[in-house]
Amino acid sequence: MQHKVKVTVIDKKLYTELQSKYCADPNSGACPCYNIGDEFLFERYDNADDFWHMGLNTLKQSTNIANTVAGGNTFPHCSEAWDAISRYIYTGLQGGSIMRGWMNDERIMIACCSDGTRPVIFKIERIDYKAVYVNGIHCDTCRNNISEALKSISEVTDIAFKKDIDNNEYIEVFIDKDISDSLIENTIKNCGEYLIIHID
């Protein structure tokens, strides 16, 4: 099984009384690096290794892309935020329990940066999937049939067709609970003459 980590900015706070009392610029305002609703996706499979690049190019969605700095293509995450969220991201990318016993889902953590006058609050979420390499997929009809069949498995939440660094096509089968490789393999084989090369 493989893992990605999705990080979403769910809130931003601003404590103007603290800024006016303690900051060199008493009107610093809210954090300029993040917008509420920004989504970042960390991957660590094939040639992707977003963690070791401090989240450079992980920004996938923004409510205000023109004003987003962190996680874009020229600037990694803010150091105050990275200190707070990186351990949870790393744990999730390794398939570990991000916060067992504290959150109602151990794959999720709510954390905030350490800026005391304008903290940003993040949702960090481990996403589990299996990478399934299949020979014999030649058209969109094949992809649609396989996708529909896999989505009929109750634990499967989504499907994506991708290509690795060598241009080999594989299927990302996203799951909310572990399922056997044989269930995936048999489901695909029931769709036609497909050969499962391997499942990561």
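Here the structure is a predicted model, which means the values were calculated and not measured. Note: hydrogens, waters and symmetry copies are ignored here, and every other heavy atom, side chains too, is used.
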- [ ] Decide yes or no on side-chain contact (heavy atoms from CB on, under 4.5 Å) for D158 and K151, but give the supporting numbers first.
- [x] CA-CA 7 Å; D158 204 2; K151 285 179 180 177; 3.9 Å; yes

- [ ] Report the C-alpha distance between I10 and F122 in whole Å, list the side-chain angles of each, state the deciding distance to 0.1 Å, and finish with yes or no for side-chain contact (heavy atoms from CB on, under 4.5 Å).
- [x] CA-CA 6 Å; I10 60 174; F122 300 91; over 6 Å; no

Task: Sub-4.5 Å side-chain heavy-atom contact between L59 and D38 - done: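 When only atoms from C-beta onward are counted, D38 and L59 do touch, with a gap below 4.5 Å.
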
Open item on the list: With heavy-atom distances below 4.5 Å as the criterion, would you say the side chains of I124 and V5 are in contact?
Closed with: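 Yes. Closest side-chain heavy atoms under 4.5 Å.
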
Crowded around [X] [atom1]? As in, over 12 foreign heavy atoms under 6.0 Å?
X: D178; atom1: CG; result: yes
X: K60; atom1: NZ; result: yes
X: E17; atom1: CD; result: yes
X: K12; atom1: NZ; result: yes

Open item on the list: Through direct or indirect side-chain contacts below 4.5 angstrom among Ile, Leu, Val, Met, Phe, Trp and Tyr, which residues connect to Y22?
Closed with: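 Y22 shares its hydrophobic cluster with Y15, L18.
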
Open item on the list: Which residues end up grouped with L183 if you chain together Ile, Leu, Val, Met, Phe, Trp and Tyr wherever their side-chain heavy atoms are less than 4.5 Å apart?
Closed with: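 M1, V132, V134, I137, I146, L150, I153, V156, I159, F161, I171, V173, I175, I179, I184, I188, Y194, I196, I199, which link up through side-chain heavy atoms under 4.5 Å apart, make up the rest of the cluster.
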
By side chain to side chain contact (heavy atoms under 4.5 Å, CB included), which residues pair with [X], not counting sequence neighbours?
X: D140; answer: R143
X: Q2; answer: Y45, Y129, D200
X: A160; answer: E172, F174

Open item on the list: Test of understanding: with side-chain hydrogen bond (donor to acceptor under 3.5 Å, both in side chains), list the residues that count as partners of T91, not counting sequence neighbours.
Closed with: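 Once residues adjacent in sequence are excluded, T91 has no partner under the side-chain hydrogen bond (donor to acceptor under 3.5 Å, both in side chains) criterion.
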
Of all the heavy-atom pairs spanning [X] and [Y], show the shortest one and how long it is.
X: I36; Y: T63; result: O-OG1, 3.0 Å
X: R118; Y: L14; result: CB-CD1, 4.3 Å
X: A84; Y: C112; result: CB-O, 3.1 Å

- [ ] If the plane angle is over 60° it's perpendicular, under 30° parallel, otherwise tilted; pick one for H77 and Y34.
- [x]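 Rings of H77 and Y34: parallel, as their planes differ by under 30°.
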
Open item on the list: Tell me whether K162 is salt-bridged to D164, with the criterion being a basic N under 4.0 Å from an acidic carboxylate O.
Closed with: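 Between D164 and K162 there is no salt bridge, as every charged N stays at least 4.0 Å from the carboxylate O atoms.
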
Task: Nearest-0.5 Å distance, NE2 of residue H3 to CD1 of residue I127 - done: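 Between H3 NE2 and I127 CD1, I get 11.5 Å after rounding to 0.5 Å.
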
- [ ] Find the distance between CE (M54) and OG1 (T58) and round it off to the nearest 0.5 Å.
- [x]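 The CE atom of M54 sits 10.5 Å away from the OG1 atom of T58.
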
Open item on the list: Between T117 and Q19, do the side chains contain a donor N or O and an acceptor N or O under 3.5 Å apart?
Closed with: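 Q19 vs T117: donor-acceptor pair found between side chains.
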
Open item on the list: Do E39 and T8 pair up side chain to side chain, a donor and an acceptor below 3.5 Å, judged on atom types alone?
Closed with: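 E39 vs T8: no donor-acceptor pair found between side chains.
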
Task: Ring centroid separation W52 to F42 under 6.0 Å - done: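 No, they do not, as the ring centres are separated by 6.0 Å or more.
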
